[in-house]
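These notes concern the structure reproduced below.
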Amino acid sequence: MSDVDSSPAAEIPDKPNGKTLASLWNGTANVCGVLGLVIGVAWTFPSEIWEAYFSSQVKMEEGVKEAIVQMASVYKEFALSQGANLNDQARFMLNSIAIVQISYHLDKISKYPDEIFARSSYFENLALAGLAYQVQRYDDALRFNKSAIIAANREKIEPLEAYTGIANATTGRDGASAIQEARESYKLALRAGFKRQKTGRADYAMAPLSVMIDASLTELKIGSWECGNTLAGLVELQLTKPEMKTVAMAQTALSVFKSIKATITPVAGRSAFACDYFSSLN
């Protein structure tokens with residue numbers, strides 16, 4: 001007996017007995033049960049959820065596009081009415097109706113998650129931001145302009161308009177207290193403008209100038225009077241160059257700029273500002 005016990009065959013482990021097999025089976029069954037549940041859930045129940053999820057995403061994206069069409073139509077009708085022979089009461093009524101209708105559509109889509117607007121195009125977000133700004137929905141305007149920047153990065157566009165829009169919405173909401181924040185946005189817009197100009201495209205030739213016009217008027221209204229005039233001087237210098245005098249759009253811009261500038265008067269007590277809009281371009 002001892003010879004058998006000491007033989008090499010005695011060192012070979014026993015085959016799994018019934019209890020060992022049952023233990024192994026139970027463990028495997030537990031794992032397989034979890035895997036089966038995961039696979040089953042992944043391929044059946046959630047497929048309906050995912051379908052509903054993507055369907056809702058598509059509906060929201062379509063809702064954004066539809067809202068833009070509707071609001072733009074309302075705004076266009078109101079803009080056209082400004083040239084009509086209307087008395088002040090009628091014009092005020094049309095303005096009120098336009099604001100209510102645009103706000104109604106903004107209320108509907110403002111509930112959408114940020115990802116919907118981030119997936120919308122740069123110009124769709126700009127349209128939303130511009131319309132929101134027109135009815136003084138400044139928080140919405142900021143949100144859409146920020147989404148526009150995300151879209152611009154995806155579409156390889158320098159987001160000049162979005163940065164300018166952020167500056168305008170910021171000061172629209174917070175007034176003169178936001179001038180420093182607005183300046184930072186204008187600087188980013190100016191940098192984007194010069195990048196566009198460097199592409200050589202004819203429609204980008206006046207890109208930096210458009211930012212300077214906006215920034216100069218903001219400085220004159222609520223910022224530094226000296227800085228505003230410095231920027232205004234640069235704007236007028238550029239638009240009165242001999243080659244610009246034959247460009248109808250440039251002369252129209254100059255005329256409008258001067259007429260708006262003429263309505264702004266200095267306010268006492270404003271702090272001076274070292275007009276460093278171009279320092280970040282170096």
Side-chain angles (χ1 to χ4, degrees), residues 79 82 95 126 129-142 144-146 148-149 158-197 204-241 243-245 247-282:
Q82 299 305 293
N95 182 49
L126 286 185
L131 288 161
Y133 182 84
Q134 290 299 323
V135 295
Q136 299 181 9
R137 298 270 294 248
Y138 299 121
D139 285 334
D140 284 333
L142 283 168
F144 298 141
N145 276 308
K146 289 175 181 177
I149 292 174
E158 292 297 333
L160 179 157
E161 299 86 358
Y163 285 128
T164 302
I166 288 174
N168 291 333
T170 301
T171 55
R173 185 185 65 183
D174 302 326
S177 65
I179 186 63
Q180 187 56 47
E181 189 176 349
R183 285 167 179 158
E184 295 307 312
S185 294
Y186 279 133
K187 288 177 185 178
L188 291 171
L190 193 60
R191 182 184 299 175
F194 278 110
K195 284 182 179 179
R196 284 190 184 183
Q197 190 182 59
Y204 284 169
M206 292 178 62
L209 205 57
S210 68
V211 181
M212 291 167 59
I213 288 173
D214 212 308
S216 66
L217 293 175
T218 298
E219 290 289 350
L220 289 170
K221 290 175 183 176
I222 62 173
S224 166
W225 184 256
E226 293 78 9
C227 179
N229 277 304
T230 297
L231 290 175
L234 292 172
V235 168
E236 294 182 16
L237 180 64
Q238 292 298 315
L239 292 177
T240 54
K241 285 183 175 180
E243 63 269 25
M244 285 292 194
K245 290 185 177 180
V247 181
M249 186 175 73
Q251 295 311 300
T252 299
L254 178 61
S255 176
V256 173
F257 176 69
K258 284 185 173 180
S259 65
I260 296 174
K261 181 172 173 285
T263 65
I264 306 172
T265 55
V267 177
R270 287 187 190 167
S271 59
F273 169 60
C275 213
D276 63 348
Y277 281 96
F278 300 96
S279 62
S280 61
L281 302 175
N282 297 331

Ignoring hydrogens, what is the shortest heavy-atom contact between [X] and [Y]? Give both atom names and the distance.
{"X": "A132", "Y": "A141", "answer": "CB-N, 3.8 Å"}
{"X": "L190", "Y": "Y277", "answer": "CD2-O, 3.6 Å"}
{"X": "A207", "Y": "R196", "answer": "CB-CB, 4.2 Å"}
{"X": "K261", "Y": "N229", "answer": "CE-OD1, 3.9 Å"}
{"X": "R270", "Y": "W225", "answer": "NH1-CE3, 4.1 Å"}
{"X": "G172", "Y": "Y138", "answer": "O-CE1, 3.2 Å"}

Any donor-acceptor pair under 3.5 Å from [X] side chain to [Y] backbone:
{"X": "T170", "Y": "I166", "value": "yes"}
{"X": "E226", "Y": "A274", "value": "no"}
{"X": "Q197", "Y": "Y204", "value": "no"}

To the nearest 0.5 Å, what is the distance between [atom1] on [X] and [atom2] on [Y]?
{"X": "N168", "Y": "D214", "atom1": "CG", "atom2": "CG", "result": "4.5 Å"}
{"X": "K221", "Y": "T171", "atom1": "NZ", "atom2": "OG1", "result": "8.5 Å"}
{"X": "D174", "Y": "I179", "atom1": "CG", "atom2": "CD1", "result": "11.5 Å"}
{"X": "T252", "Y": "M249", "atom1": "OG1", "atom2": "CE", "result": "9.0 Å"}
{"X": "Q251", "Y": "L239", "atom1": "CD", "atom2": "CG", "result": "7.0 Å"}
{"X": "I149", "Y": "L126", "atom1": "CD1", "atom2": "CG", "result": "9.5 Å"}

Does the side chain of R137 reach to within under 4.5 Å of the side chain of F144, using non-hydrogen atoms?
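The answer is no, as the side chains (C-beta and beyond) never meet within the 4.5 Å cut-off.
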
Given K187 and D276, is the side chain to side chain contact (heavy atoms under 4.5 Å, CB included) satisfied, shown in steps?
CA-CA 9 Å; K187 288 177 185 178; D276 63 348; 3.2 Å; yes

Given F278 and L231, is the side chain to side chain contact (heavy atoms under 4.5 Å, CB included) satisfied, shown in steps?
CA-CA 11 Å; F278 300 96; L231 290 175; 4.1 Å; yes

Could you go through Q238 and M206, starting from their C-alpha distance and side-chain angles, then the distance that decides it, and tell me whether this counts as side chain to side chain contact (heavy atoms under 4.5 Å, CB included)?
CA-CA 10 Å; Q238 292 298 315; M206 292 178 62; over 6 Å; no

Pair E219, Y186: side-chain N/O donor-acceptor within cut-off below 3.5 Å:
no

Would R191 and E158 pass as an ion pair if we require N to O under 4.0 Å?
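Salt bridge between R191 and E158, a charged N being under 4.0 Å from a carboxylate O: no.
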
So R183 and S224, side chain to side chain contact (heavy atoms under 4.5 Å, CB included) or not? Walk me through it.
CA-CA 11 Å; R183 285 167 179 158; S224 166; 3.9 Å; yes

